[in-house]
Asks: 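One structure is given below, represented as structure tokens, and several questions about it will come after.
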2 protein chains.
Amino acid sequence: MTTRARREREKEERRQTILRAAREVFLEEGFHRATVDSIAERAEVSKGTVYLYFESKESLLAHLLLEGLAALLGYLEEAYAPDRTLDAEERLRRLGWAYLQFFQREPHYFRFLMAVDRGRFRETVSPQTYRQVLEASLEGLNWVVRAIEQGIEEGSFHCCDARQAAATLWATLNGVLELMAHPLRQEMVGVTPDVLYRTAIETVIRGLR
Amino acid sequence: MTTRARREREKEERRQTILRAAREVFLEEGFHRATVDSIAERAEVSKGTVYLYFESKESLLAHLLLEGLAALLGYLEEAYAPDRTLDAEERLRRLGWAYLQFFQREPHYFRFLMAVDRGRFRETVSPQTYRQVLEASLEGLNWVVRAIEQGIEEGSFHCCDARQAAATLWATLNGVLELMAHPLRQEMVGVTPDVLYRTAIETVIRGLR
DNA sequence: TAACCACGGGTCATATACTGACTACAAGTC
DNA sequence: GACTTGTAGTCAGTATATGACCCGTGGTTA
């Protein structure tokens with residue numbers, strides 16, 4: 001039936017509407033102060049409908065996080081290009097660029113991931129959700145780790161703890177992205193954000209040689 | 001309830017989807033050959049849903065016509081500006097311009113009105129629908145009639161049958177609009193459509209003086 | 001001419017989606 | 001420790017959508 005496709009489309013749209021509303025309310029109020037009623041109201045549905053699409057308030061949070069991370073992972077995997085042969089430095093540059101892309105194209109997800117991962121996140125969600133989020137995050141970092149390990153094997157990077165090095169790169173880039181959101185800081189630094197971003201990547205790469 | 005507004009919006013959207021589908025199918029197949037099943041399919045709903053929103057196949061046609069005419073009447077009334085004082089010629093120019101606007105902004109309605117009003121329309125619909133459509137059409141023409149009568153009263157137009165003059169203007173403009181849809185004819189004439197349109201209006205007005 | 005059949009307008013019992021008043025309970029307040 | 005408040009989560013009731021079906025019409029064949 002032609003109808004089938006349309007109905008599924010509409011269902012997915014409603015789901016997304018609810019997720020978007022939840023994201024906004026969580027960002028504005030924080031998870032604890034946010035109420036399911038206000039999410040429902042923002043999404044223009046009844047509370048019952050929210051529970052028709054998501055089993056609990058926490059699962060709204062989990063879906064936001066996991067879908068955001070899934071999107072990021074998509075960007076990273078494509079950048080890494082596992083089935084192409086690229087040298088380690090090239091891979092790192094591409095991964096860094098992908099992260100910037102994610103930041104620019106999915107600003108909501110990015111902001112949300114950043115906002116959630118501070119404060120008492122561990123106590124907020126079930127151990128299960130916590131584990132899933134942790135695993136997805138690690139999976140992201142792993143693309144970077146893999147590129148660095150490749151560089152060590154190839155002899156172009158000096159020997160070091162790859163995970164630690166990956167974390168350094170990640171933290172560095174976060175710092176630059178954070179700066180992008182603050183015009184004042186940007187002006188203080190006096191460099192356009194993308195030059196700064198590129199410089200940051202190159203600096204870390206040089207440090208790894 | 002916040003929900004209320006959204007639900008009414010969605011209902012109206014569905015209604016419009018069905019109307020649009022009906023318009024397309026009627027134009028492609030003609031009223032008789034068109035089937036309600038194919039309209040439902042195009043609108044991605046079941047036949048039952050079509051009958052939930054419209055009571056019959058004919059009422060689909062009637063709504064398309066009457067809503068199209070209502071839109072046109074809106075343009076005309078605004079152009080005539082009953083509560084402002086304008087001279088007759090200015091009113092005619094504005095009415096002509098409004099008709100062009102309608103043609104450009106509501107091409108679907110325009111095409112549909114043109115297409116339906118030939119062939120065996122009278123036998124196709126109930127006398128009731130026929131009367132309503134006729135009345136709405138006359139109401140449109142009446143704005144033109146009124147402007148011409150005003151010109152006669154003011155002494156700027158020579159005495160004539162206002163209705164007949166209005167029909168002349170209308171037919172003239174239809175001719176130009178028809179031409180607009182045919183690039184070849186346009187090229188033959190060698191004048192840009194809006195110059196032609198303006199000329200046509202001015203010619204008729206001059207003829208009325 | 002009569003028997004048949006395919007088509008398509010219109011119906012309605014059923015299925016799906018949505019609602020919001022309600023319950024239960026946790027966290028504060030006196 | 002009783003009492004209030006606020007909110008996560010439930011469910012009986014309602015609104016909306018579906019498509020198998022009914023039935024008349026107009027065309028076809030014997």
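Reminder, nothing fancy here: chain letters follow the sequence lines and each chain counts from 1.
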Asks: Check this for me: does any side-chain nitrogen of one of B:Glu8 and B:Lys11 sit under 4.0 Å from a carboxylate oxygen of the other?
Replies: no
Asks: Remember a base hit wins even if backbone is also touched, and classify B:Phe54 as base, sugar-phosphate or nothing at under 4.0 Å, heavy atoms.
Replies: nothing
Asks: What is the distance, to the nearest angstrom, from the CD atom on A:Glu58 to the P atom on D:dT7?
Replies: 19 Å
Asks: In whole Å, what is the span from the CZ atom of B:Phe26 to the P atom of C:dG8?
Replies: 14 Å
Asks: How close or far is atom P of D:dT18 from atom CD of A:Glu8, stated in whole angstroms?
Replies: 13 Å
Asks: CG of B:Leu52 versus P of C:dC12: gap in Å, rounded?
Replies: 13 Å
Asks: Does this structure show an ion pair linking A:Arg93 with A:Glu89, if we count only N-O contacts that are shorter than 4.0 Å?
Replies: yes
Asks: Check the distance between D:dA8's C1' and A:Leu61's CG and give it to me in whole angstrom.
Replies: 15 Å
Asks: Contact list please: residues 11-23 of chain A against DNA chain D, heavy atoms, distance less than 4.0 Å, in numerical order.
Replies: none
Asks: Validate the cation-pi geometry between B:Arg146 and B:Trp143: distance from NZ or CZ to the six-membered ring centre under 6.0 Å, angle to the ring axis within 45°.
Replies: yes
Asks: Between atom NZ in A:Lys47 and atom P in C:dA21, what is the gap in whole Å?
Replies: 11 Å
Asks: Report yes or no: is there a donor-acceptor pair, N or O only, under 3.5 Å between the side chain of B:Lys57 and the base of C:dG8?
Replies: no
Asks: Base, sugar-phosphate, or nothing: which does A:Arg6 touch, judged by heavy atoms less than 4.0 Å apart?
Replies: sugar-phosphate
Asks: Give one of base, sugar-phosphate or nothing for B:Ala34, where a contact means two heavy atoms less than 4.0 Å apart.
Replies: sugar-phosphate
Asks: Looking at A:Thr35, does any N or O in its side chain come under 4.0 Å of the phosphate oxygens OP1/OP2 on D:dT7?
Replies: no
Asks: Atom CZ of A:Arg4 and atom C1' of C:dA15: how far apart are they, to the nearest Å?
Replies: 14 Å
Asks: Could you tell me whether B:Arg122 sits above the aromatic face of B:Tyr130, with NZ or CZ closer than 6.0 angstrom to the six-membered ring centre and within 45 degrees of the axis?
Replies: yes
Asks: Looking only at side-chain N and O atoms, does A:Tyr51 come under 4.0 Å of OP1 or OP2 in C:dC18?
Replies: no
Asks: With a 6.0 Å cut-off on ring centres, are A:Tyr99 and A:Phe110 close enough?
Replies: yes
Asks: Nearest-nucleotide wise, let me know which of A:Arg7 and A:Val36 is further upstream toward the 5' end of DNA chain D.
Replies: A:Val36
Asks: So does B:Glu90 pair up with B:Arg94, basic N to acidic O under 4.0 Å?
Replies: no
Asks: Could you pick out which residue, B:Phe31 or B:Gly48, lies toward the 5' side of DNA chain C when each is mapped onto its nearest nucleotide?
Replies: B:Phe31
Asks: Can you tell me if A:Thr49 touches the phosphate of C:dT19, counting only side-chain N or O atoms and a distance under 4.0 Å to OP1 or OP2?
Replies: yes
Asks: Round to the nearest Å and state the distance from A:His32 atom NE2 to C:dA27 atom C1'.
Replies: 13 Å
Asks: Distance to the ring centre below 6.0 angstrom and angle to the axis at most 45 degrees; does that hold for A:Lys57 and A:Tyr51?
Replies: no
Asks: Once salt bridge (Lys or Arg N to Asp or Glu O under 4.0 Å) is applied, do any residues pair with A:Glu10, and if so which ones, sequence neighbours excluded?
Replies: A:Arg6, B:Arg14
Asks: Can you find a side chain N or O atom of B:Ser46 that sits less than 4.0 Å from OP1 or OP2 on D:dT18?
Replies: yes
